[in-house]
Amino acid sequence: MKVLVVDDEPQIRRALRTSLEAHGYEVTAVGTGEEGVLGAAEMSPDLILLDLGLPDVDGADVIQRIRAFSDVPIIVVSVREGQHDKVAALDAGADDFVTKPFGMEELLARSRAALRRGGAEEPTPSVMRYGDLTVDLAKRLVTRGDETLHLTPTEYGLLEVLVTNPGKLLTHGWLLRKVWGQGYGTETTYLRTYVRALRKKLGDDASAPGLITTEPGVGYRWVAEPTG
Amino acid sequence: MNVRDLVHPGRRATSAQAVIIALALSTVATALGLLIDRQGDVIGVSFYFLAVVLASAAGGIRAGVIAAVLCSLGFTFFFTAPEYALRVARVQDAVAAVVFLVVGSVVGLLVARMIDERERATERERDARLLGYLATKLLSGEPLDRVLDDFASALIEPFELLRCIVSATTEDGVAEERSIGGAGPAGPTQTLTISIGNVSFGTLTAVRPVGGRVFSDDDRELLEAAAKQAAFALERARLDAQVRGAQLDSETSRLRAALFSSVTHDLRTPLASIKAGVSSLLSDDVAYDPAQRRELLTTVLEETDRMNRLVGNLMDLSKIRAGALVPAREAAAIDEIVDATVARMRPSLTGVVVRLNVRPDLPEVFVDPVQIDQVLTNLLENAAAHSPPGGEVQVAAASFRDAIQVRVADQGDGIPEAERERVFEAFYRGDAAPERPGSGLGLAIAQAVVVAHGGRIWIEGAPGGGTVVVFELPVKVGSA
């Protein structure tokens with residue numbers, strides 16, 4: 001697995017290189033946005049870890065330029081920003097956002113999740129299991145234990161989008177456009193209502209979530225790992 | 001004669017008016033005397049006495065004396081033999097005329113003086129009332145322009161002014177000029193300086209309309225007194241401003257000193273642990289067993305988190321100071337923010353039991369979710385830090401009138417009532433627990449954020465001891 005690290009801080013590059021190499025990744029580290037775009041094109045990495053505060057090019061521009069030719073998973077690794085910067089990076093095409101300073105465990109977990117999505121050459125299995133929860137994408141059937149859950153079409157649409165983008169931080173606007181349609185994007189109140197209803201039916205506690213986590217002001221993330 | 005002259009007859013009548021009053025009353029007395037009893041000396045004399053007293057009362061001393069002279073002449077002319085001649089046949093008539101002149105003059109003098117005294121007393125009382133009123137206006141503590149307006153308009157009526165102009169120089173050298181009253185062409189005008197000793201604070205200009213009375217000595221005296229009042233008020237305002245400036249300076253430098261000591265102490269402490277831990281691990285002298293290595297590394301990790309929190313708080317504080325903490329508001333659900341914050345913080349809240357009591361059907365708030373998350377994070381960190389091991393931290397949210405109230409309660413020792421406001425000051429740590437971890441910034445930042453959202457935050461005592469921090473956010477304010 002090849003990882004491209006784009007960060008202008010040599011210490012961060014060194015720490016990431018050491019840690020990632022110890023976990024078996026092949027690491028290339030560069031310090032500017034131009035080198036980042038070039039590296040993405042030339043070495044076809046499996047994952048890009050990108051700092052937003054680069055000296056030469058704005059982080060969101062780097063993402064857009066890479067997205068012009070590649071679907072490689074991009075995790076933004078940046079110091080604490082307001083929700084607008086996060087949303088801008090995610091809407092530009094980033095897959096996830098990890099705030100500096102981060103724990104290596106968290107970064108590795110996010111990286112694994114992103115790689116799983118990126119390396120999804122094999123089609124998503126039609127039946128997903130998360131503990132006692134089963135989502136049958138082919139039959140559009142959701143069961144919990146022996147009980148079949150009755151989801152409204154919108155609730156099911158939302159669940160489907162979430163489980164097929166596991167681990168990815170999905171912005172409010174993206175979810176609204178994906179589930180409700182292109183004309184939507186700002187109706188976060190709808191979205192909240194449906195997420196709340198879905199959580200209730202799936203039996204997920206928002207304050208100790210096992211399935212869907214909330215990133216206030218940004219969006220939601222499906223965090224459950226499939227079991228079997 | 002205008003209104004004011006009628007009210008002040010004793011002092012205000014001119015010579016011509018005095019003569020007219022004396023003549024009129026003497027004539028009436030003569031006529032009455034002649035009408036009732038041509039020969040009756042006594043009745044004639046008594047009417048003349050009445051005339052002198054009335055003349056004194058109505059026209060003052062001068063009118064009284066003139067009336068006394070006229071009446072004694074009238075008495076001699078009409079009522080003594082030979083009649084219709086200014087001569088007297090009898091000695092006793094001559095004596096009576098002289099005695100009448102003296103008595104009449106004295107009585108007139110006394111009456112006039114008595115009335116005059118009373119008038120002066122009334123006037124003094126009124127002047128005192130005016131000055132007292134001015135003093136309360138001037139010391140009301142309202143903004144300077146308002147105070148000057150009130151002051152100027154209070155002078156208009158008693159001094160019959162067309163307009164009154166007060167110009168004052170404020171403590172920072174800015175001239176403030178307030179003009180109250182009508183425009184119109186200026187009549188008699190009086191300008192005074194507002195000063196104490198040789199320190200000048202400005203000027204007071206009183207303008208009467210065209211045709212108005214010239215300012216008398218009394219008017220000037222009273223205006224001087226009013227100007228003096230204004231001078232005292234302006235001096236006080238100047239001193240107040242100086243005191244405030246000094247307080248601000250000392251507050252700023254106190255904060256800077258506290259910031260400096262906090263930064264050096266709170267950043268160096270975790271840094272020391274990190275350096276000690278990592279350099280130990282790098283050392284070749286000792287072979288640490290896995291448990292010891294883990295112990296050292298855990299310390300490093302915890303201390304890094306602590307430094308990260310402090311740096312975050314310091315950044316927030318500097319944003320607040322720079323006025324850059326502008327909320328990026330959007331419609332948000334408080335239950336969602338509470339849930340997300342608690343979910344994110346659970347790993348670090350292991351020592352306490354978190355209980356949520358948040359209604360899911362609360363109205364939406366118009367807030368910056370990240371900033372409110374920050375408020376909750378700070379409150380939860382505080383609650384956990386002050387909880388006994390295994391204590392319960394309760395987060396409740398409910399709607400209250402047009403606001404959402406969020407309460408974070410712990411089962412710690414509580415905060416004495418006297419300290420409940422001070423804990424929101426930056427770098428304040430309770431006297432009881434000066435060595436508690438934390439920079440003393442959490443509540444200050446929480447307060448700044450809540451206030452920036454148009455809300456309020458305060459501390460309550462929990463029934464069984466412990467602290468409840470309550471913050472209130474308006475529902476959907478500015479959501480249009």
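In what follows, chains are A, B, ... by sequence order, proteins preceding strands, each numbered from 1.
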task = Taking R293(B) for its side chain and L281(B) for its backbone only, find out whether a donor-acceptor pair lies under 3.5 Å.
result = no

query = Can you check side-chain hydrogen bond (donor to acceptor under 3.5 Å, both in side chains) on R359(B) and S399(B), steps first, answer last?
reply = CA-CA 9 Å; R359(B) 298 183 59 92; S399(B) 70; over 6 Å; no

Under 3.5 Å, which donor-acceptor pairs link side chains of residues 20-31 of chain A to any protein atom two or more places apart or in another chain?
{"from": "H23(A)", "atom 1": "ND1", "to": "S19(A)", "atom 2": "O", "distance (Å)": "2.9"}

query = What residue, out of P209(A), G217(A), A206(A), has the most heavy-atom pairs lying under 4.5 Å from chain B?
reply = A206(A)

key: Contacting region of T188(A) [heavy-atom separation from chain B under 4.5 Å]   = side chain

ask   = Given that the side chain runs from C-beta out, which part of D305(B) has a heavy atom under 4.5 Å from chain A: side chain, backbone, both or neither?
value = neither

remark   = So, the part of F102(A) with a heavy atom under 4.5 Å from chain B: the answer is neither

ask   = In terms of side-chain geometry, is the basic nitrogen of E9(A) or K100(A) positioned less than 4.0 Å from the acidic oxygen of its partner?
value = no

task = For the pair H453(B) (side chain) and R329(B) (backbone), establish whether a donor and an acceptor sit closer than 3.5 Å, ignoring hydrogens and angles.
result = no

ask   = Is there a donor-acceptor pair under 3.5 Å between the side chain of Q64(A) and the backbone N or O of A92(A)?
value = no

ask   = Is the number of heavy atoms from other residues, nucleotides or ligands under 6.0 Å of R346(B) CZ greater than 12?
value = yes

Donor-acceptor contact present, side-chain T18(A) to main-chain R14(A), <3.5 Å = yes

remark   = Comparing V354(B), L356(B), D368(B) against chain A, the one with the most heavy-atom pairs below 4.5 Å turns out to be D368(B)

inquiry  = If the contact rule is any heavy atom under 4.5 Å from chain B, which residues of residues 190-204 of chain A qualify, in numerical order?
reply    = R192(A), R196(A)

